[in-house]
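Just so you know, these numbers use all the heavy atoms, side chains as well, and skip hydrogens, waters and symmetry mates.
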Amino acid sequence: MFKSSTTLQKRVGMLLLFVGLIAVAGLVINRGSVIFAPGSADTPINRGGEHFLVPTVLAQTNEPFQHSEDFQALARANRAFIALVEQTRPSVVKIQTARAINFRATDRNDNFFRFFFDSPLPRGDEERRHLQRGTGSGVIVSDDGYILTNNHVIEGADEITVVLSNERQYKAELIGRDPAGSGAGGSDLAVLKIEAEGLPAIPFGDSDALEVGEWVIAIGTPLEFSQTVTRGIVSAKDRPGFTMRDYAQFIQTDAPINRGNSGGALINIRGELVGINTLIATSGFTTGNIGIGFAIPSNMARSIMPQLIENGKVVRGWLGISMNPVDFDLAEKLKMESPHGALVTQVGKGSPAEKGGIQRGDVIIAFDGVKIRNFAHLKHVVGAAGVGKSVDVTVLRAGKEKRLTIKLGKRTEAVLERLEDSPHTVPDTAEPQTDFAGLRVQALTPAFIERYGYAPDETGVIVTHVEKGSNAEKKGITPGTLIQEMEYTPIDKLETYSALAQRLAASEEKRILLYVKFPNGEGAGYVTLNLALDDEKSER
């Protein structure tokens, strides 16, 4: 029994050896290189006119990929990015902040401090001082120690420490800052200074020359991970600020940005600073990167940095208007090659714009020799132009170009509030008025014709007030709108309108048709008002 078992083992061993030799022979039949290739079917090859099937995990190639032109191109691009990072990464620093917070002892916050800080608060009326710490990023922009970052990174900090790429630390002085989102609005930039020489400063690039789709890299300190490098493309340009007062025209990128990247560098493939990474868009419960990040353009940073260094703050020029984008329909109506410029929707009383002759409905297409791309761009060039400067402004008015000269004022919180609080109504006069369908109208006078840019021979009645929340307001009727027809009846004077409005009010008619013209050549057309909606609103 034992000998038979031994014989069987020998035979099995010889069989396995034979199978192994066949497999090895199969591998060396062809002297070409062997590589692993993914697939779901066998790979056909042709040798000497005969066809063979090679398992998909073993595919033949006559020329190794690493010797191909494609690989060489990838290798050169890879080395170029590595060299780009080596050159620029030392210019990006970590910024550590500390802010003192005083807490008064209670049983509730005592447990909180025991859990998070492993120490209780003192009892009674005694207070305890705690340092709240934060981390962000910054960019060295001069070899003598000036550093750009975001204002929100250092805002409220009692201590600011800059950590270089070689881990050397410096206490930083806050030189100037430009807060965003409050007051007169700003860029959310700040300038710090450390006492050092010969630092690796990064050169500024031209952010206006960036193209959508262009490669960029982001360097910063996300989630405390210093010197983190990510790569992506420019996703969009000229994104407006997220409040009307924000002074920004962001670069959008999909280069991953997370908390702690704020104040870090967005760099083009030439190794130039083209943006200061500032914020990200999130979705739902997601608070990290989803591929939508925003950076302040380098041209904006470079233009306001001298003011921050010299004055500690930024003083901006002020025009005194409210603006809307120029859409395709308006561009087509005005015979513009493409939508650009800024549509004036309101002119502040006594503002530089009003004094210079800008009117509601004008489209500002050039300012101080600069072609205006959009309303965010106009806000930037106006602010950068300076207070008290007289500038040439080109507007499209009723399809025709008109050149004006405007002397700029100073942008402050007070003047912005006056503009925002300006009534959207025409001042009441002693002239007779008629109320109907959420509208108050007056007779068309030469003063109204001049104010709203109508032709001297126009007829109709002028809207002086629109009831808030009315169907008329929702349909876009505003003070200054000219009503020329109601229910197919031409309106030649106020008496005609009043008689017709009285008759319609007494009828069962719930929808009325108006033909209107909008101020300053903004358009004309029919508008249907649903009186039933206003009735329901008044009943509630």
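Side-chain N/O atoms of Ser226 and Lys94 include a donor and acceptor closer than 3.5 Å. Side chains of Asn261 and Asn277: a donor-acceptor N/O pair is absent below 3.5 angstrom, by distance only. Looking only at atom types and distance, the side chain of Glu224 has a donor-acceptor partner in the side chain of Thr135 under 3.5 Å away.
Judged by distance alone, the side chain of Gln227 and the main-chain N or O of Val92 form a donor-acceptor pair under 3.5 Å. With hydrogens and angles disregarded, a donor-acceptor distance shorter than 3.5 Å links the side chain of Thr230 to the backbone of Pro256. A donor-acceptor pair under 3.5 Å is absent between the side-chain atoms of Lys237 and the main chain of Val212, judged by distance alone. With hydrogens and angles ignored, the 3.5 Å screen pairs a side-chain donor or acceptor of Asn166 with a backbone N or O of Arg168. Using modelled atom types, one side-chain atom of Glu473 and one backbone atom of Gly469 make a donor-acceptor pair closer than 3.5 Å. Here the side chain of Thr161 pairs no donor or acceptor atom with the backbone of Lys171 at under 3.5 angstrom. Although no hydrogens or angles enter the test, the distance criterion places no donor-acceptor pair under 3.5 Å between the side chain of Thr97 and the main chain of Ile160. Checked by atom type and distance alone, the side chain of Thr253 pairs as donor or acceptor with a backbone atom of Ile233 at under 3.5 Å. Between the side chain of Ser235 and the main chain of Asp254, a donor-acceptor pair closer than 3.5 Å is present. Distance alone, capped at 3.5 Å, is enough to place a donor-acceptor pair between the Tyr454 side chain and the Lys517 backbone.
Leu378 places a side-chain heavy atom less than 4.5 Å from the side chain of Ile321. Residues Leu164 and Ile140 form a side-chain contact, since some pair of their non-hydrogen atoms from C-beta on lies under 4.5 Å apart. Residues Lys407 and Ser390 are in side-chain contact: their nearest non-hydrogen atoms beyond the backbone lie under 4.5 Å apart. Counting heavy atoms from C-beta outward, Gln249 and Pro297 have side chains that approach closer than 4.5 Å.
Checked against salt bridge (Lys or Arg N to Asp or Glu O under 4.0 Å), Arg397 has the following partners two or more places apart in sequence or in another chain: Asp362. In this structure, Phe225 has no ring pair (Phe, Tyr, Trp, His ring centres under 6.0 Å) partners at least two apart in sequence or on a different chain. The side chain to side chain contact (heavy atoms under 4.5 Å, CB included) search around Thr394 returns Ile365, Ala366, Glu401, Arg403, not counting sequence neighbours.
A pairwise comparison of heavy atoms in Ala524 and Phe518 identifies N-CD1, 4.3 Å as the closest pair.
To the nearest 0.5 angstrom, Arg270 atom CZ is 10.5 Å from Leu84 atom CG. Atoms OG and CD1, on Ser142 and Ile202 in that order, are 13.0 Å from each other to the nearest 0.5 Å. Taking CG of Asp188 as the start and CG of Asp178 as the end, the distance is 8.5 Å to the nearest 0.5 Å. Between Ser207 atom OG and Phe250 atom CZ the span is 13.0 Å, to the nearest 0.5 Å. For the atom pair OH of Tyr452 and CD of Glu458, the computed distance is 15.5 Å after rounding to the nearest 0.5 Å. Note: Glu354 CD to Gln359 CD = 10.0 Å, rounded to the nearest 0.5 Å.
Results of the side chain to side chain contact (heavy atoms under 4.5 Å, CB included) test with Val191 over Thr149, Ile154, Ile175, Ile304 single out Ile175 as the only residue that passes.
Other residues, nucleotides and ligands contribute more than 12 heavy atoms inside 6.0 Å of the NZ atom of Lys193. Counting heavy atoms of neighbouring residues, nucleotides and ligands inside a 6.0 Å radius, atom CD of Glu214 exceeds 12 of them.
Both tests hold for Arg231 against Phe81: distance to the six-membered ring centre under 6.0 Å, angle to the ring axis within 45°.
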